[in-house]
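Labels below follow one simple rule: chain letters A, B, ... track the order of the sequence lines, proteins then strands, and each chain is numbered from 1. Any value given below was found using the heavy atoms of this structure, including those in side chains, with hydrogens, waters and symmetry copies removed. Predicted model only: the values in this text are computed from it and were never measured.
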Amino acid sequence: MELSQMSALQLGKSIAAGEVKVKEALDAVFTAVDAREAEVHSYITIDREGAYASAERVQQAIDKGEISSPLAGVPVAIKDNMCTEGLLTTCASKILCNFVPTYTATAVEKLQAAGAVILGKTNMDEFAMGSTTETSAYGVTKNPRNTAHVPGGSSGGSAAAVAAGECFYALGSDTGGSIRQPAGYCGVTGIKPTYGTVSRYGLVAYGSSLDQIGPLAKDVSDAAAILEAISGYDEKDSTSIARKDLNFTAALKDDVKGVRIGIPRDYFGEGLDAEVAAAIKKAADELKAAGAVVEEFDLALVKYAIPTYYTIADAEASSNLERFDGIKYGYRTEDYSDLHDMYKKTRSEGFGPEVKRRIMLGSFVLSSGYYDAYYLKALKVKALIKQAFDEAFKKYDVILGPVAPTTAPKLGESLSDPMKMYLGDIYTISANLAGIPGVSIPCGKDAAGLPIGMQLFGDCFKEDVIIRTAYTYEKIRGEF
Amino acid sequence: MSREYETVIGLEVHVELATKTKIFCGCSTQFGGDVNTHTCPVCTGMPGSLPVLNKQVVEYAIAVGLATNCEITRHGKFDRKNYFYPDNPQNYQISQLYLPICRNGYVEIETEKGGAKKVGIHEIHMEEDAGKLIHDEWGDVSLVDYNRSGVPLIEIVSEPDMRSAEEVIAYLEKLRMFIQYLGASDCKLQEGSMRADVNLSVRPVGSDKFGTRTEMKNLNSFTAITHAIENERERQIDIIEAGGSVIQETRRFDDNKGESYAMRSKEDAQDYRYFPDPDLIPLDVSQEWIDRIKSEQPEFRPQKMARYKEEYGIPEYDIGIITDNKHMADIFEEATRICGQPKKVSNWLMVETLRLLKEKNMDPEDIRYSPAHLAALIDLVEKKVINSSVAKEVFERMFEDDTDPVKYVEEKGLKQETDSGAIKAICEQVIADNPQSVADYKAGKEKAIGFLVGQTMKAAKGKADPGTVNALLKELLS
């Protein structure tokens, strides 16, 4: 098999067996980068020097038998909102144009300990706000499957890099669908784990109560192995959970007999593209044929998810982004008369329009006199949405639906109509509001050849059942 | 003045807690490090960093709440207070608005008239301190030192129950006593580890409605607080008497000038957009935890004073001073336990210790010598191993660096001369050398013996017992 065609686990196995050197894997990846990057633009920062240096260290450690992880020596791309010591971390924003962190995010540290070789930092929507990777201050990323289209977002660079072979796997973050939706658009596999499974320490916060780091990978097996490597309680993150059931690769079983799958009727209403709907129904039928129990049901409160999400995420973002003020790090305006003027100009010049829109919305819903009517009410609805899922998971092991209403839109189509862009998050955001895990897996292509993504939700801490279902489906589907 | 006015005062007291590390990270809280050396990604607001609550902060806050009769919030939260200022690295301060850790307490104070009065405590909440701006007067720049950023604070908010400066001081002294006794803070106003903001309004006597209040900041001594209260009361009465109305505002008091000026009015009040901090999980306080903290509460000053009177029989004046500071009281109790001489221990504290503290401009908190060494010193005097003037010399050394008095006396050869033959020889020599004094004494001038004793002590390099010398001289001259 050609190196670039290998999955992360296949490559890791070959490296462990001594058949492939880490340097050869890097050479192969950089060949793909040289071929595709100019067009796709998956990366904000490519760290060739650092990657080769780290490859040498990892190779030595593997040779000495010091690392035995299945991912040892496998090159990875990191979304540019995770801190990497000594390596530029911009969140795709001008305001962090010169920010070099003094520490590394826990999830990235865990990968490094497992022998991962970091290639660079991938493009994204500015501060993860957006669904197309077009709000980046460093240019748009194009969908490698069809470069006239967006890769999705906000982890669009990570999804595109995986799809274009510009890395063997990538880390993304998911606040409202930012791993699953671009995975769906680019035809790769992505997992957002249960809130608290992966430490957020070092992930530049967008909506703290919703953010989770997760893998974007070539297939379900890779995704499970990567998630296993980055999960675990972190004393530096108060919201991280001490879980004992982190052996996700053990769930890679080709068997869905008796798995109860529910399909929310509300997900198939107005706005859903017919080709997407057909592909999802076909996939559901195939799982049924493989022995799953599949039925439709009514999931309550679906229409409240979007306003609830944007209220909570933007409120938290308005506060989280206050630290970008030109004082301590990052961009500072050239000319200013006093402190207040410096703040105003720095932030006006440093943030892009989508970020400003969300800061304004978030500040509004938290302001005195509106807090109860918006923010507090959104928190109550969030609790009700969680309850609706609790009810659903009494009857079903898995909730199946589309990742997005359509396949990847054309470049430039979305930003002119932010409301439409927000509505595109309808299927993904409820997982963040309920804290539940979700996997996105390719299940077909539309007439234009753009990938269609299927999404599987599980109850909190039930990654195993969605991984198992996705793995079984992947076997049925065959090569994508 | 046509009417009589009543002053209505409520206090917001900030107390810096004595934890070793900061409230949300592992950085040291110690004073005096080089700028930005007690910092990390968390307390400098680096992107991606997250706060983790220091349990000791909660423990201290609960302890203060229990001492001040508060209800402890069993399910609490931290909230973000959003405002932009460079000393606040995240541009929000993590504090508690909606569910503070303690509520509805009170402190009992003695009023001027001698009665007891309860001052209500509205709430106690936990929060983080800010960094410090350093203005370069020549370079036209300001710099920030984040060493203090994230140092834990509690804010104790009283009800508007106080009516005079005396009551305010009594309340503050009571709070300070509780907090110091709990070891939760050293409560030094001058150094800022205890800070009081005074909310004050006036109203005609008999009125049941509150007047418009002002808040006064920058009060760093009890004297400044007293002056500020008197000054603000007069200022408000003057405004009202002149037909004007008081503006709700924050004022800064300048104790040197004896006047205050407006910092910001209510109209400038910021909207802090408080909301629960999503980076911190809700704080659940178990009954067991509260019970344990309760069981570890120390004996506070009033009980201690009563017990000292009963148990040690030392003067009330001594008791007052010794129990004013828990560290001093601890030394007293432990030294007394070892040597069994309460009055002697008290004397060393009341005379030499206070003298040296004053001389060196130190607080009782800073006493370094151990109770065991004080007890040993008392024992040395008691057993006449050293005389009292040598003891003072040894004590000064002990006060300096907790030197072991027994070893010190041994090493420096300060033991009293107990060989009576040797002392007798010295006495005889002194008598021979001072014929005039001998003659005076023999002529009936009793005082002359004093001079001879002094000469003998000098010749013995202080190491003789003055009583013994006195007796010996009299015997030789008789």
What residue in A/Leu339, A/Asn81, A/Thr102, A/Leu379 has the most heavy-atom pairs under 4.5 Å with chain B?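 That would be A/Leu339.
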From [X] atom [atom1] to [Y] atom [atom2], the distance as rounded to the nearest 0.5 Å:
X	Y	atom1	atom2	value
A/Ser238	B/Asp277	OG	CG	9.0 Å
A/Asp237	B/Ser49	CG	OG	11.5 Å
B/Tyr92	A/Ser318	OH	OG	11.0 Å
B/Asn91	A/Ile327	CG	CD1	7.5 Å
A/Thr239	B/Ile281	OG1	CD1	8.5 Å
A/His340	B/Tyr85	NE2	OH	13.5 Å

In terms of heavy-atom proximity below 4.5 Å to chain B, should [X] be classed as side chain, backbone, both, or neither?
X	value
A/Leu203	backbone
A/Phe99	side chain
A/Thr89	neither
A/Lys328	side chain
A/Leu376	neither

Between B/Phe275 and A/Tyr371, is the ring pair (Phe, Tyr, Trp, His ring centres under 6.0 Å) condition met? List the steps. CA-CA 8 Å; B/Phe275 76 109; A/Tyr371 177 84; 7.9 Å; no
Check whether any side-chain heavy atom of [X] sits under 4.5 Å from a side-chain heavy atom of [Y], and report yes or no.
X	Y	value
B/Tyr272	A/Ser368	no
B/Pro47	A/Phe127	no
B/Val42	A/Tyr201	yes
B/Phe84	A/Arg347	yes

Polar side-chain atom of A/Arg323 near backbone of B/Met46 as donor-acceptor pair, under 3.5 Å: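 Yes, A/Arg323 side chain to B/Met46 backbone: donor-acceptor pair under 3.5 Å.
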Hey, is [atom1] on [X] packed in by over 12 heavy atoms from elsewhere, all under 6.0 Å?
X	atom1	value
A/Lys344	NZ	no
A/Glu334	CD	no
B/Arg213	CZ	no
A/Asp335	CG	no
A/Tyr374	OH	no
A/Glu235	CD	no
B/Gln30	CD	no
B/Asp136	CG	yes

Going through the distances and angles, do A/Arg200 and B/Leu50 end up as a side chain to side chain contact (heavy atoms under 4.5 Å, CB included)? CA-CA 8 Å; A/Arg200 294 187 295 115; B/Leu50 295 169; 3.9 Å; yes
Modelled atom types, side-chain donor and acceptor of A/Asn320 and B/Arg80, under 3.5 Å: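 Present: a donor and an acceptor within the cut-off.
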Check the side chains of B/Asn82 and A/Ser319 for a donor-acceptor pair under 3.5 angstrom, ignoring hydrogens and angles.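 Yes - a donor-acceptor pair under 3.5 Å links their side chains.
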Chain A: which of B/Cys40, B/Gly45, B/Gly48 shares the most heavy-atom pairs with it under 4.5 Å?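 The candidate making the most pairs under 4.5 Å is B/Gly48.
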Apply side chain to side chain contact (heavy atoms under 4.5 Å, CB included) to residues A/Glu322 and B/Tyr83 and explain how you reach the verdict. CA-CA 8 Å; A/Glu322 280 165 351; B/Tyr83 66 95; over 6 Å; no
Would you mind checking which part of [X] comes under 4.5 Å of any heavy atom in chain A, side chain (CB onward), backbone (N, CA, C, O), both or neither?
X	value
B/Thr44	backbone
B/Asp271	side chain
B/Phe24	neither

Closest heavy-atom pair and its distance - B/Arg273, A/Ser367: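 That would be CG-CA, 3.8 Å.
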